[in-house]
Amino acid sequence: MSLEDELYQQRISRIAEIEALGFEPYGHRFDFTHTIPQILAEYTAKTAAELEQRVVVKVAGRISTIRRMGKAGFAHLLQNGERLQIYIRKDAVGEKDFALYEKLDLGDIIGVEGYLFRTRTGELSVHAERLYFLAKTLFSMPEKWHGLEDVEIRYRQRYLDLIANPEVRNVFVTRAKIVSSMRRQLEAHGFLEVETPMLQPVYGGAAARPFRTHHNTLDIGLYLRIAPELYLKRLVVGGLERVYEINRNFRNEGISTRHNPEFTMLEFYQAYTDYLGMMDLSEELLRQAAIDATGSAVVEYQGEKIDFGNFRRVSMRDAVGDPSLKGKALVDEFERNIESTLIQPTIVFDYPIEVSPLSKNKPGDPDFVERFEIYVAGMEIANAFTELNDPAEQRRRFEMQLALREKGDEEAHQMDEDYVRALSYGMPPTGGEGIGIDRVTMILTNTRSIRDVILFPLLRPVAQASGLPNHEHDS
RNA sequence: GGGCCGGUAGCUCAGACGGUAGAGCAUUUGCCUUUUAAGCAAAGGGUCGCGGGUUCGAGUCCCGCCCGGCUCACCA
């Protein structure tokens with residue numbers, strides 16, 4: 001028998017032993033008096049003498065360490081990323097509960113009732129008077145010193161990563177703070193949160209290859225959206241003058257430390273402003289999100305201090321510094337040599353018209369449009385423009401894209417007749433922007449890989465895990 | 001897709017030159033009523049990612065494949 005089977009069988013048989021003692025191996029509701037973080041926050045400052053007026057508590061958590069010493073012992077319970085020590089002695093908990101204690105495994109989830117005290121070495125602990133059994137673990141937990149290091153297991157079994165590595169938990173707590181900060185701020189500015197289709201008959205709003213799927217009852221092909229943009233602007237036409245959506249986009253392209261096939265985008269649209277208005281708003285949003293997520297507008301990323309309170313604004317032409325370059329060549333040069341050098345928050349504005357089919361022309365400068373992107377730590381984190389609201393011009397732009405598609409550009413935009421029709425009813429002048437939530441989270445949590453800010457990043461399934469056949473020519 | 005690196009016990013890792021697979025933690029048994037990487041004593045535990053090849057002999061060398069990481073290309 002392999003060790004893994006042996007450990008498993010051991011724990012299966014322990015379930016029967018726990019039942020024989022009169023406990024359920026998988027408990028029901030447990031009414032705790034405090035969470036472990038609450039106890040630590042409330043009582044860490046109390047001295048041993050102050051705790052002599054007994055504070056009785058009921059707490060629950062997962063056993064993360066255990067030290068048995070004959071007729072007594074210590075353990076640490078882990079809850080919400082924090083640990084509290086418990087002290088169990090036979091004469092305090094009684095025969096039955098002590099027999100349970102002797103059968104506990106690392107990773108089991110238990111409840112403890114008892115009073116707070118400080119040990120000889122001063123650690124705040126619960127002096128147990130009663131134990132409750134809440135859930136059995138059948139597998140052994142990652143090692144206590146090094147945690148879980150195997151990157152593949154960390155991503156495939158994220159729950160183990162979250163148990164073993166407290167800093168991972170913090171990344172996702174910070175991510176949630178960023179999202180809620182954005183929501184709070186946009187709502188304060190009068191934006192309405194909406195949801196638009198993920199399944200789209202025509203995909204648009206970005207240059208990317210899509211995922212394809214099929215609806216059985218309608219018997220039609222559909223695309224997973226690459227962006228919500230064209231739907232959000234239909235809503236602006238409809239009079240929802242400030243709208244935003246925070247949701248997933250899907251792009252059928254490469255995977256890297258900065259790219260996951262599904263990723264989270266914040267898009268927002270504001271009627272009667274332009275890209276300059278979007279610049280001001282995005283500086284404010286990002287600065288405040290940094291403060292709400294980390295406590296400061298200045299954050300450290302990979303050894304660099306990045307100041308979200310101070311954005312530089314530079315035109316793409318000035319950033320590249322070569323007046324002879326135009327169109328795609330200008331963008332190529334920018335992406336090749338300039339982008340990675342933009343560490344501090346930088347707004348790069350005025351893009352060539354060729355690469356910007358949804359942006360409004362720059363008055364007096366027919367080769368350029370009113371568009372900007374924001375770069376931080378060498379990464380693009382936002383893309384914004386004054387929205388093109390002239391339906392005839394929009395149709396010409398789509399036609400330019402179709403010409404590119406004819407020449408084999410798989411990422412060129414599709415014609416969207418329904419969108420042109422919507423614009424034909426009149427869309428007010430509008431500024432719009434998309435902010436990549438995953439990348440902002442990377443910077444604000446000081447992580448190098450996008451997989452570390454996505455709970456379940458896409459990995460190749462192991463063995464039989466995929467339920468679908470692979471289609472060789474499905475692109 | 002290309003290049004580089006990795007996959008050895010449940011976890012974290014060692015294994016020159018090819019010569020009977022190791023450590024710590026975890027597990028099991030015994031002792032231990034304020035320990036905290038608890039301690040002491042003993043024990044069990046491995047298709048060395050998978051498949052071929054070379055060899056008297058392969059964790060180690062060669063070939064192919066699988067999975068992952070970094071990186072380049074594409075992209076946000």
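Residue numbers start from 1 in every chain, and the chains themselves are labelled A, B, ... in the order their sequence lines are given, proteins ahead of strands.
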Aromatic contact, A:Phe139 with A:Tyr8 (centres under 6.0 Å)
yes
May I ask you to evaluate whether [X] reaches the phosphate of [N], defined as a side-chain N or O under 4.0 Å from OP1 or OP2?
X	N	value
A:Thr257	B:U71	yes
A:Arg89	B:U33	no
A:Arg14	B:U27	no
A:Lys144	B:C11	no
A:Arg451	B:G69	yes
A:Arg460	B:C67	yes

Which is it for A:Phe385 and A:Tyr275 under the ring pair (Phe, Tyr, Trp, His ring centres under 6.0 Å) test, yes or no, and what are the steps along the way?
CA-CA 5 Å; A:Phe385 30 90; A:Tyr275 76 147; 9.6 Å; no
Determine, stepwise, if the pair A:Phe368 / A:Phe349 fulfils ring pair (Phe, Tyr, Trp, His ring centres under 6.0 Å).
CA-CA 10 Å; A:Phe368 286 86; A:Phe349 60 88; over 10 Å; no
Between [options], which nucleotide has the shortest distance from any of its atoms to the side chain of [X]?
X	options	result
A:Ser140	B:A76, B:A38, B:G10	B:G10
A:Arg67	B:U35, B:G69, B:U27	B:U35
A:Arg448	B:U34, B:U71, B:U28	B:U71
A:Met69	B:G69, B:C11, B:A38	B:A38
A:Leu459	B:G69, B:C11, B:U27	B:G69
A:Phe263	B:U33, B:A76, B:G68	B:A76
A:Arg156	B:G69, B:U33, B:C67	B:C67
A:Gln10	B:C32, B:U12, B:U28	B:U28
A:Ala72	B:U33, B:G68, B:C13	B:U33

I would like to know whether A:Lys360 and A:Glu370 meet salt bridge (Lys or Arg N to Asp or Glu O under 4.0 Å); could you show each step before the answer?
CA-CA 6 Å; A:Lys360 198 172 179 73; A:Glu370 294 190 343; over 6 Å; no
Checking all strands, does [X] fall into the base, sugar-phosphate, or nothing category for heavy-atom contacts under 4.0 angstrom?
X	answer
A:Gln85	base
A:Glu123	base
A:Asn249	nothing
A:Gly73	nothing
A:Ala164	nothing
A:Asn260	base
A:Ser449	sugar-phosphate

Can you run through RNA chain B from 5' to 3' and write each base as (, ), [, ], | or . depending on how it pairs? Watson-Crick or G-U wobble, both distances under 3.5 Å.
(((((((..((((.....[..)))).(((((.......))))).....(((((..]....))))))))))))....
Does a donor on one side chain sit under 3.5 Å from an acceptor on the other, for A:Arg212 and A:Asn252?
no
Assign each of A:Thr65 and A:Thr119 the nucleotide of RNA chain B bearing its closest heavy atom; nearer the 5' end lies the nucleotide of A:Thr119
Kindly state whether the pair A:Phe74 / B:A38 counts as stacked, where counting means centroids closer than 5.5 Å and planes tilted less than 30° apart.
no
Parallel, tilted or perpendicular for A:Tyr115 and A:His127, by the 30°/60° rule?
parallel
Can you tell me how the ring of A:Tyr43 sits relative to the ring of A:His34, calling it parallel under 30°, perpendicular over 60° and tilted otherwise?
perpendicular
Nearest 0.5 Å please: distance from the OG1 atom of A:Thr264 over to the CZ atom of A:Arg439.
12.5 Å
When the C1' atoms of B:U20 and B:G57 are considered, how many whole Å apart are they?
11 Å
